[in-house]
Amino acid sequence: MAAASLPPPSRWPPPPLRLLPLVLLGCLAASAPLRAAEAAGVLRQVVAGGGDGDGGAFFEPFNVTYDHRAVILGGKRRMLVSAGLHYPRATPEMWPSLIAKCKEGGADVIETYIFWNGHEPAKGQYYFEGRFDIVKFAKLVAAEGLFLFLRIGPYACAEWNFGGFPVWLRDIPGIEFRTDNEPYKSFVTKIVNIMKEEKLYSWQGGPIILQQIENEYGNIQDRYGQAGKRYMLWAAQMALALDTGVPWVMCRQTDAPEQILDTCNAFYCDGFKPNSYNKPTIWTEDWDGWYADWGEPLPHRPAQDSAFAVARFYQRGGSLQNYYMYFGGTNFERTAGGPRQITSYDYDAPIDEYGILRQPKWGHLKDLHAAIKLCEPALIAVDGSPQYVKLGPMQEAHVYSSGKIHTNGSISENGQICSAFLANIDEHKYVSVWIFGKSYSLPPWSVSILPDCENVAFNTARVGTQTSVFTVESGSPSYSSRHKPRTLSLIGGPYLSSTWWTSKEPIGKWGEGSFAAQGILEHLNVTKDISDYLSYTMSVNISDEDVTYWNSKGVLPSLTIDQIRDVARVFVNGKLAGSKVGHWVSLNQPVQLVQGPNELTLFSEIVGLQNYGAFLEKDGAGFRGQVKLTGLSNGDIDFTNSLWTYQIGLKGEFSRIYSPENQGYAKWSSMQNDDTQTPFTWFKTMFDAPEGNDPVAIGLGSMGKGQAWVNGHLIGRYWSIVAPESGCPSSCNYAGTYGDSKCRSNCGMATQSWYHIPREWLQESGNLLVLLEETGGDPSQISLQVHYTKTICSKISETYYPPLSSWSRASNSRATLNTVAPELHLQCDEGHVISKIIFASYGTPSGGCQNFSVGNCHASTTLDLVTEACVGNNKCSISVTNDVFGDPCRKVVKDLAVEAECSPPLATEEPRDDM
C-alpha cells in the first residue's frame with residue numbers, strides 16, 4: 001500500500017514582535033495533523049465510525065508481520081507507542097474520551113487485558129455488556145484510528161481479583177491452574193472467534209495487531225517443574241492453532257518458541273533483548289507508576305524518570321513500548337485483587353483515575369512521543385545496530401541514519417536521514433559532551449533527542465509542560481479517620497447530608513443459605529466468592545469453675561486461630577471482641593465469656609483474592625490450622641472439628657437493600673446525633689448530584705471499613721486504614737533507578753479517602769447512597785466533591801527548546817526545524833476556562849507551582865499580557881521572548897512563570913487587577 005502523504009505541521013500565526021504569542025490558541029494543536037496521520041502510518045482509516053453492528057471495516061485490510069527490528073504494519077516498519085487502558089476499570093461512557101486522550105498524548109496503540117471472570121462469571125454463562133463490552137471498546141479504539149493490543153491471557157494478574165480467573169475453575173475435579181486444560185482453550189477460542197466474527201483483526205480491516213497468551217509465566221514456570229515447560233509450549237501451540245493472522249506475545253518468557261514474541265515487563269527495558277535475532281524488541285509493561293495496598297503509602301514515579309526509561313528503550317533498539325498504565329481507572333465492585341489492594345487503580349498514570357490529565361506526566365510524555373516520531377524514519381532505516389559513540393565515562397550516543405555519519409563534525413549539509421539520542425546515565429552530574437561539531441549539555445539521568453542529528457527537540461529531564469493541581473488529590477484526607485468520635489456528630493458544614501437512616505446487620509446466622517457442618521471449611525469452597533463475608537458460629541458452654549478461675553487470676557481466656565487471611569473478626573454473644581488483619585497470620589484474641597452458653601461467631605472477610613503467583617487455586621481464604629479456646633481451668637478446648645453453623649454473606653447484601661427498588665426489605669430508622677457507633681451497620685441517605693459534568697469523588701475518610709453503593713452500583717470497597725508515618729520523602733529526586741518505594745506519599749494518612757462515582761451512575765437529584773459499615777464510622781462527615789484541574793502552573797526559560805510543532809519533515813523524510821522562540825502552554829480541562837491569573841512574571845521568578853515569587857528582574861507588563869492572552873480561554877500559548885515582554889534585565893537568562901486558576905464556564909471570575 002502506498003504511504004499517504006503527510007501534511008507538514010502548521011504554525012498559526014507567525015505574528016510580529018510584541019503580538020507574537022498572545023493569541024496563539026491554535027498552536028497547541030499544530031502538530032495534530034502529523035500525529036493523527038502517524039497513528040495509522042501507511043494505513044488508511046476508511047470508515048470513521050464503521051463497525052457499529054454493520055461489520056464495516058475501519059481500515060483498509062492490512063497484514064501484521066515483524067522482523068528483527070520492528071513490528072511491520074502493511075509492509076512498513078513502525079516505532080509504536082502503546083497506552084494501557086483496561087475497559088472494565090472505566091464506564092463505557094468514559095471510553096471515547098479516554099481513547100481520544102491516549103491518541104492526543106501520542107499513542108498509536110491501545111492495550112488491554114481480557115478479564116475472564118468478568119466475561120464468564122459462571123461456567124458457560126457469558127457476559128459482554130456494560131463495562132465488559134469488549135467489542136464496543138475495540139470498535140471505539142478503531143474509530144479513533146488506533147490499533148489494539150489484546151492480551152487474552154487467559155490469566156491476567158493486573159491486580160485484579162483472582163488474576164482474572166473465575167472462581168468456578170477451582171471446582172473442576174483435578175484442575176491445576178496454568179497447566180494445559182480444556183477451560184483455558186475454550187475461553188481463548190471464544191474470544192478469538194468473537195473478534196473474527198466482528199471483523200476486528202487487521203486483515204479484516206480491524207484494529208487488532210497483537211495478542212498475548214499467558215502472562216509472566218516465566219516468573220513461576222520452575223515451580224511447576226517439567227509440567228511448566230509442557231504447559232508453556234501447549235499454550236503457544238494452542239494460540240497459534242487459532243489462526244488469528246496476527247503475532248502472539250508471551251511476556252517475561254525467555255524460552256518462548258520461535259513463532260511467539262517474548263517481551264519485557266519492568267520499570268526499565270532498555271537492556272532487554274528477545275531470545276531470537278528474528279524478533280523485535282517489545283516492552284509490554286512499562287511500569288510508569290505502581291499499585292497501592294490498603295494501609296500503605298501511595299507510589300509515584302516522576303515524569304522525568306518515566307521519560308528517561310522510554311527514551312533509553314528506543315535509543316537502544318526498542319520498537320514498541322506500552323505504558324502500564326496510561327489510564328489505571330477504578331476497581332469497581334469487588335474486582336480489586338489481593339492481598340488487600342485498594343479500590344483506586346490510579347497507578348500514578350498519565351491520565352488519572354477520573355479521566356483527567358495528570359500534568360506534567362501526560363504532557364511531558366506527549367512531547368517525548370512527538371520527538372520519537374520525528375526520529376522514526378531514521379530508526380526504521382537502520383537494519384542492524386546504530387552507530388555507537390562513547391561520549392564520556394557514563395555518557396553515550398546512538399546515531400540512526402540512512403548511511404554512515406561522521407560524528408565529529410556538522411552534518412547540516414548531509415542529505416541523509418539522521419537522528420541521535422545522547423544519554424547521560426550519571427544520576428548526579430550535569431555533563432557537556434561534544435558530537436556533530438557542537439557541545440551539548442546533558443542533565444543528570446537524561447536523554448536528549450536530536451531528530452536531525454543537530455538540534456535538540458527534547459530532553460527527558462527538562463520538563464516544558466504545565467503542572468496541574470486537582471480539586472481533590474489522591475492523598476488528601478476527606479476527614480480525619482484516626483480519632484473517631486464515639487457518637488455521631490450531625491453538624492453543619494460542606495457535607496453530603498445531615499439526614500441518615502440506619503439498619504442493623506445481624507451477626508452470625510440470619511437465615512437463607514445457612515447450614516451446619518463439622519470442622520472448619522475453607523472460605524472460598526463455601527462462598528464461591530459471591531460475597532466477601534462468611535461467618536462460623538457455635539455455642540460454647542462455660543462452667544462456673546472457669547469463671548471463678550479467670551476472676552481469681554485476673555485474666556481472660558483467648559480464642560486462637562493458627563492462620564487467618566485478610567480480616568478475621570471475633571464476636572461473643574453478638575458483640576465484637578476484636579479483629580485481626582493480615583495474610584495468613586495467627587490470631588490470638590482475648591474474649592469475655594459468661595457462665596452458661598455463649599454464642600461464638602468467627603467472621604471471615606476477603607479483601608481481594610490473590611492475583612499473582614503459582615498454584616493460585618490452592619491459596620484459598622478464611623482460616624487454616626487449629627481453632628482453640630485457651631486459658632481454661634482444665635486446659636484448652638479445640639474447636640477445629642466441632643459443629644459450626646455457616647452463613648454466607650450478609651442479610652442486607654442478599655436482600656439487596658442497597659438497590660433503590662429494595663428499600664422496603666430492611667428496617668430503617670432515622671439516625672440521631674447521640675447514636676453510638678456499632679459494627680456492621682447499614683447507612684443510607686439521599687443526595688443531589690453536583691452541577692456540571694465534572695467527575696465526582698466521595699470522601700469516605702470518616703468511615704471505617706465496608707462497601708458503598710450509589711443508586712445500586714457498587715463503587716467498591718472502602719477502608720480508612722492509615723499508612724505508616726515513615727517512608728515518604730519530603731522531596732523526590734527523579735534521577736537514579738526507580739523502585740515502587742522510592743517516591744511515596746500519604747504517610748500517616750488513610751491510603752484512600754476519596755472514591756470515584758461515575759457521572760453516568762448519578763441522576764440530577766434523588767440519588768441513593770448506601771453504606772455497609774463494618775467497624776463504625778460517622779457518615780455525617782462524608783463529603784462530595786467534583787474532581788477537576790483547579791490550578792495550572794508553568795515555568796519556561798527563554799533558552800528552552802522550540803515547540804515540537806515547529807518541526808516538520810522534508811520530502812525525503814528528514815526532520816527539519818523552523819527555529820522559533822520557546823512557548824509556555826496552559827490548558828484547563830475540557831469545558832473549563834482559565835478564570836484568573838494568580839501569578840505571572842517574566843524575568844527571574846523563583847519557587848515552584850503555588851509558591852512562585854517575583855525576583856530582582858521582572859517585566860511589569862507580564863500580568864496584563866498573560867491575562868489578555870489566557871483568561872476566558874480553555875488554553876493559551878505564549879512565546880517566551882523579549883519580543884513579547886521587553887527586556888527587563890539585559891544579559892540575564894529570563895524565565896516566564898505563570899500560575900492560573902481554572903473554573904467551569906459559569907464560575908469564571910474577573911481577572912485580578914494586581915498581583
Side-chain angles (χ1 to χ4, degrees), residues 64-73 77-86 107-114 147-159 163-164 178 188 202 208-221 228-229 231-233 235-240 242 244-288 306 309-326 372 379-380 612:
V64 182
T65 57
Y66 58 85
D67 63 11
H68 62 281
R69 182 65 187 99
V71 174
I72 299 171
L73 304 182
R77 288 176 177 170
R78 291 297 310 276
M79 295 291 109
L80 296 170
V81 173
S82 177
L85 193 172
H86 297 160
D108 310 288
V109 183
I110 299 295
E111 169 271 330
T112 187
Y113 281 117
I114 295 289
F147 306 125
L148 184 60
F149 178 10
L150 202 60
R151 303 174 74 185
I152 300 176
Y155 166 70
C157 183
E159 292 72 60
R178 304 179 82 175
V188 174
S202 65
I208 300 174
I209 61 169
L210 286 174
Q211 302 154 117
Q212 180 176 299
I213 191 70
E214 250 298 333
N215 185 50
E216 296 185 339
Y217 189 69
N219 291 355
I220 62 166
Q221 181 173 306
K229 180 72 171 182
Y231 165 64
M232 184 275 296
L233 293 172
Q237 291 162 3
M238 182 264 290
L240 293 169
L242 293 173
T244 62
V246 301
W248 285 90
V249 161
M250 278 185 166
C251 59
R252 286 199 165 187
Q253 194 68 50
T254 57
D255 59 350
E258 182 67 23
Q259 303 95 326
I260 302 287
L261 301 176
D262 63 305
T263 62
C264 184
N265 291 2
F267 288 115
Y268 305 90
C269 282
D270 55 289
F272 169 78
K273 294 298 176 187
N275 63 6
S276 168
Y277 174 78
N278 299 319
K279 302 177 183 181
T281 301
I282 295 177
W283 191 358
T284 33
E285 289 189 14
D286 169 7
W287 302 331
D288 54 358
S306 192
V310 175
R312 287 288 285 166
F313 176 72
Y314 289 101
Q315 175 179 5
R316 300 184 66 189
S319 64
L320 185 154
Q321 167 266 347
N322 173 63
Y323 290 102
Y324 190 97
M325 302 294 299
Y326 200 78
I372 290 170
L379 290 169
I380 63 175
Y612 177 80

(request) Could you tell me whether a side-chain N or O of D286 sits under 3.5 Å from a main-chain N or O of Y323, the two making a donor and an acceptor? (result) no
(request) Report yes if the side chains of D67 and P280 come closer than 4.5 Å at any heavy-atom pair, otherwise no. (result) no
(message) Looking at N265 and E216, would you say the former's side chain and the latter's main chain have a donor-acceptor pair under 3.5 Å?
(response) no
(message) Pair L210, V246 - check side-chain contact (heavy atoms from CB on, under 4.5 Å), show working.
(response) CA-CA 6 Å; L210 286 174; V246 301; 6.0 Å; no
(request) Side-chain contact test, heavy atoms from C-beta onward, threshold under 4.5 Å: evaluate it for N322 versus I282 and give yes or no. (result) no
(message) Less than 2.5 angstrom apart at the SG atoms, yes or no, for C264 and C251?
(response) no
(request) Answer with yes or no after comparing the ring centroid distance for Y326 and H86 against a 6.0 Å cut-off, counting only values under it. (result) no
(message) Between N215 and Y113, is the side-chain hydrogen bond (donor to acceptor under 3.5 Å, both in side chains) condition met? List the steps.
(response) CA-CA 10 Å; N215 185 50; Y113 281 117; 3.1 Å; yes
(message) Using 0.5 Å steps for rounding, measure from the CD atom of E285 to the CD atom of Q321.
(response) 12.0 Å
(request) Look at the aromatic rings of W283 and F313 and report parallel, tilted or perpendicular, splitting at 30° and 60°. (result) tilted
(request) Measure the acute angle between the ring planes of W287 and F267, then classify it against the limits of 30° and 60° as parallel, tilted or perpendicular. (result) perpendicular
(message) Between V64 and V71, does the side-chain contact (heavy atoms from CB on, under 4.5 Å) criterion hold? Intermediate values first, please.
(response) CA-CA 7 Å; V64 182; V71 174; 3.9 Å; yes
(message) Between Q212 (side chain only) and E214 (backbone N and O only), is there a donor and an acceptor less than 3.5 Å apart?
(response) yes
(message) To check you understand the geometry: which heavy-atom pair defines the closest contact between K279 and P257, and what is its length?
(response) NZ-O, 3.0 Å
(message) To the nearest 0.5 Å, what is the distance between CZ on R316 and CG on D270?
(response) 4.5 Å
(message) Looking at every heavy atom in both R69 and S319, which two are closest together, and how far apart are they?
(response) O-CB, 3.3 Å
(message) For I209, is there any backbone N or O sitting under 3.5 Å from a side-chain donor or acceptor partner on S202?
(response) no
(message) When you compare the side chain of H68 with that of N278, does any pair of heavy atoms fall below 4.5 Å?
(response) no
(request) First locate atom CD1 of I213, then atom CG of L242, and finally report the distance between them rounded to the nearest 0.5 Å. (result) 7.5 Å
(message) Are the side chains of L240 and W248 in contact, using a 4.5 Å heavy-atom criterion?
(response) yes
(request) Work out which heavy atom in K273 is nearest to a heavy atom in G317; give both atom names and the distance. (result) NZ-CA, 4.4 Å
(request) Answer yes or no on whether R252 is positioned over the face of Y217, meaning its NZ or CZ is under 6.0 Å from the six-membered ring centre and within 45° of the axis. (result) no
(message) Contact between P274 and L261 at the side-chain level, heavy atoms closer than 4.5 Å - yes or no?
(response) no
(request) Any chance you could measure L233, atom CG, to I260, atom CD1, to the nearest 0.5 Å? (result) 10.0 Å
(message) Any heavy-atom pair between the side chains of L320 and R78 that's under 4.5 Å?
(response) no
(request) Output the distance between atom CG (L73) and atom CZ (F147), rounded to the nearest 0.5 Å. (result) 5.0 Å
(request) Evaluate the criterion side-chain hydrogen bond (donor to acceptor under 3.5 Å, both in side chains) for residue pair S276 and E258; output intermediate values, then yes/no. (result) CA-CA 7 Å; S276 168; E258 182 67 23; 3.0 Å; yes
(request) Using atom types as modelled and distance alone, determine if a side-chain donor or acceptor of R178 lies under 3.5 Å from a backbone N or O of M232. (result) no
(request) Considering non-hydrogen atoms only, spot the tightest contact between Y268 and A309 and give its length. (result) CD2-CB, 3.6 Å
(request) Mind running side-chain hydrogen bond (donor to acceptor under 3.5 Å, both in side chains) on Q221 and N219 for me, showing each step along the way? (result) CA-CA 6 Å; Q221 181 173 306; N219 291 355; over 6 Å; no
(request) Answer yes or no: is there a side-chain heavy-atom contact under 4.5 Å between Q211 and V249? (result) no
(message) Rounded at 0.5 Å granularity, tell me how far OG1 in T65 sits from CD1 in I72.
(response) 4.0 Å
(message) Using only atom types and a distance under 3.5 Å, with no angle test, would you say the side chain of D262 pairs donor to acceptor with the backbone of N275?
(response) yes
(message) Taking the side chain as everything from C-beta on, heavy atoms only, tell me whether Y314 gets closer than 4.5 Å to T281.
(response) no
